Amino acid sequence: MSNFEMKKPKYQTMSTLKNKLEEKILAHRPRTKRLAKEYGDVVIDQVHARQVVGGMRGIKCLISDISYLDPYEGIRYRGYTLPEVFELLPKPEGAEMPYVEGLYWLLLTGEIPTRDEVEELILDMNNRRIIPKYVWDVIDSFPSESHPMAILSAAVMSLERESLFNIKYRQGVPKTEYWRSTFEDATNLLAKIPLIGAYIYNKLYQPGKGHRFPDPSLDMGANFAYMMGKDKPYDDVSRMYFIIHADHEAGNVSAHTGHLIASSLSDVYYAVSGMINGLAGPLHGLANQEVLRWLLKLKEKYGNQVPPKDVLRQYVWDTLNAGQVIPGYGHAVLRRTDPRYTVQREFSLKHFPDDPLFQYVSALYEVVPEVLKEHGKAKNPWPNVDAQSGVVQWYYGVREYDFYTVLFAIGRSIGVLSNIIWDRALMYPIERPKSITTDMLEEMVGIKKVEEQV
Ligand code: CMX
């Protein structure tokens with residue numbers, strides 16, 4: 001199952017990636033400085049009262065150069081659409097999906113890496129896969145009924161004592177250099193987190209099988225499949241999954257939490273553990289498990305034969321009438337079908353078009369948007385990434401749907417870690433927006449004045 005032939009390292013300690021990153025950072029810093037110094041007073045957005053009571057929706061108040069989310073087009077990583085990313089990044093021999101490590105390179109540098117560059121990074125990351133025993137002990141100490149996201153968060157948190165950034169900070173390195181140790185921490189954590197995920201899976205769902213050690217000849221996606229005990233094409237499924245979940249600009253709960261925590265100079269272990277906690281909510285990453293739960297309930301009733309449209313419509317309406325959301329549909333920013341949904345749909349159409357659960361997902365795609373439009377609440381009636389992701393996992397034998405958000409978290413850590421390295425590089429300050437009281441807001445919008453006049 002080896003996709004990546006072990007080669008002798010061609011490069012020495014300061015990796016090509018870190019060198020390239022340094023170049024990019026030095027070139028970028030004057031832009032940030034200039035914006036703050038010379039253009040700091042330019043108004044770029046207005047805040048409406050509805051945004052203050054409405055979860056700050058749409059307020060332009062964060063910077064991320066890693067990715068940008070257009071409401072109609074979907075996500076672009078460093079300017080590249082998902083189809084472009086899948087086409088341009090180097091792939092393992094014979095694989096359908098690119099190396100995940102190549103995406104890390106792209107997100108950090110803005111450049112598509114060459115095959116040699118990715119292979120060097122893979123070697124570097126494979127050398128960082130050693131996990132201290134106490135992390136396994138932390139995982140093993142959890143009861144088997146614990147949610148895997150809680151275990152993942154605790155396991156990442158326990159690794160905090162390995163932070164190089166903390167050592168450097170205590171040694172008093174200057175602020176301009178913080179990004180270097182942050183890069184080391186981030187790359188260490190990124191190399192380790194898939195192993196932790198696979199260990200959690202084995203502990204919770206395959207306890208008799210024992211834990212597989214990583215195979216140093218395999219890239220991130222293939223090694224994850226190997227450690228999970230899943231055959232091809234689960235290596236490609238993992239690569240696809242980690243890549244599409246990596247980033248979704250900076251304002252979503254997981255990305256923003258990671259950035260917020262890191263802004264106080266907490267290290268990446270604190271930040272990613274917090275990111276995982278934010279992702280574990282059903283309105284965000286946990287929606288992928290909720291989709292499967294919702295689909296299986298429907299399938300239990302009707303079996304492998306998808307029922308007619310009116311039955312599906314009624315099922316959707318029953319969910320809405322019970323005051324619940326339709327999981328996997330809607331989005332705070334997107335206003336069209338999520339391209340992450342489309343990538344997975346195309347993969348499913350190619351590999352398992354006749355799978356009954358996929359048939360349900362396809363049939364619901366034709367029904368849910370209509371119903372949500374009639375319902376009249378959701379601003380976006382179209383499916384998001386989570387409407388499709390569980391079905392792919394299910395088909396390839398990962399049927400313990402509580403685990404799906406762990407897969408999302410492994411992917412999301414690529415973007416969050418890349419953002420944190422750049423946050424440190426550009427020396428963004430501690431985040432501190434202003435809150436006001438309800439009284440103040442009422443006064444600002446004029447409610448007080450109107451009441452006084454009455
Ligand atoms: N089903 C039913 N109602 C929905 C809905 C859905 N899928 N999506 C939105 N709505 C409702 C909202 O609950 C809200 O109702 P209230 O006015 O009663 O509060 C109203 O429509 C307006 O919401 P919105 O502005 O369209 O959406 P938000 O930005 O507030 O929320 C999201 C976005 C994703 C939380 C919401 O669409 C949702 O709950 N979807 C289902 C859960 C889901 O799939 N989450 C995963 C999103 C992707 C990810 O982060 O992984």
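Everything numeric in this text was worked out from a predicted model, so none of it was measured. First listed ligand is number 1; within each ligand, the first listed atom is number 1.
Looking at atom 44 (O) of ligand 1, its nearest protein heavy atom turns out to be G328 N, 2.8 Å. In this structure, the protein non-hydrogen atom closest to atom 39 (O) of ligand 1 is L283 CD2, 3.4 Å. Looking only at protein heavy atoms, the nearest one to atom 42 (C) of ligand 1 is P282 O, 4.0 Å. For atom 1 (N) of ligand 1, the closest heavy atom belonging to the protein is I326 N, 2.9 Å. When hydrogens are left out, the protein atom nearest atom 51 (O) of ligand 1 is D386 OD2, 2.7 Å; that is the closest non-hydrogen contact. The nearest protein atom to atom 26 (O) of ligand 1, hydrogens excluded, is given as K379 N, 2.7 Å; this is a heavy-atom distance. With respect to atom 36 (C) of ligand 1, the closest heavy atom belonging to the protein is Y329 O, 4.4 Å.
Taking 4.0 Å as the cut-off between side-chain N and carboxylate O, E162 and K192 do not count as a salt-bridged pair. R128 and E184 are joined by a salt bridge, as a carboxylate oxygen and a charged side-chain nitrogen come within less than 4.0 angstrom of each other. A salt bridge between R313 and D310 is absent, with no side-chain N of the basic residue lying under 4.0 Å from a carboxylate O of the acidic one. Using a 4.0 Å cut-off between charged side-chain N and carboxylate O, K297 and E300 make no salt bridge.
Applying the 4.0 Å criterion to heavy atoms of A287 picks out, from ligand 1, the atoms 43 (C), 44 (O), 45 (N), 46 (C). For ligand 1, the atoms sitting less than 4.0 Å from at least one non-hydrogen atom of A332 are 29 (O), 33 (C), numbered in the order shown with element in parentheses. Listed by atom number, the atoms of ligand 1 under 4.0 Å from A378 heavy atoms are 4 (C), 5 (C), 8 (N), 9 (C), 10 (N), 21 (O), 26 (O).
Across all their heavy atoms, L298 and L312 have their closest contact at CD2-CD2, 3.6 Å.
In this structure, F242 has its ring center under 6.0 Å from that of F224.
Between R57 and ligand 1, at least one N/O pair is under 3.5 Å apart. Any N or O atom pair closer than 3.5 Å counts here, and Q324 shares no such pair with ligand 1.
In this structure, D338 does not count as a contact residue of ligand 1, since none of its heavy atoms falls inside 4.0 Å of the ligand. Between N384 and ligand 1 there is a heavy-atom distance shorter than 4.0 Å. Judged by the shortest distance from any of its heavy atoms, H248 lies outside the 4.0 Å radius around the atoms of ligand 1.
For R293 and Y401, the positive end is not near the middle of the six-membered ring at less than 6.0 Å and at most 45° from its axis.
Looking only at distances, no side-chain donor or acceptor of S163 sits under 3.5 Å from a matching main-chain atom of E160.
Remark: atom 46 (C) of ligand 1 lies closer than 4.0 Å to at least one protein heavy atom. Counting protein heavy atoms under 4.0 angstrom from atom 19 (O) of ligand 1 gives zero. Using a 4.0 Å threshold on non-hydrogen atoms, atom 12 (C) of ligand 1 does not count as touching the protein.
Distances from atom 27 (O) of ligand 1 to the heavy atoms of K377, R335, H331, H284 put H331 nearest.
Two residues are said to be in side-chain contact when any heavy atoms from C-beta on lie closer than 4.5 Å; I326 and W294 meet this criterion.
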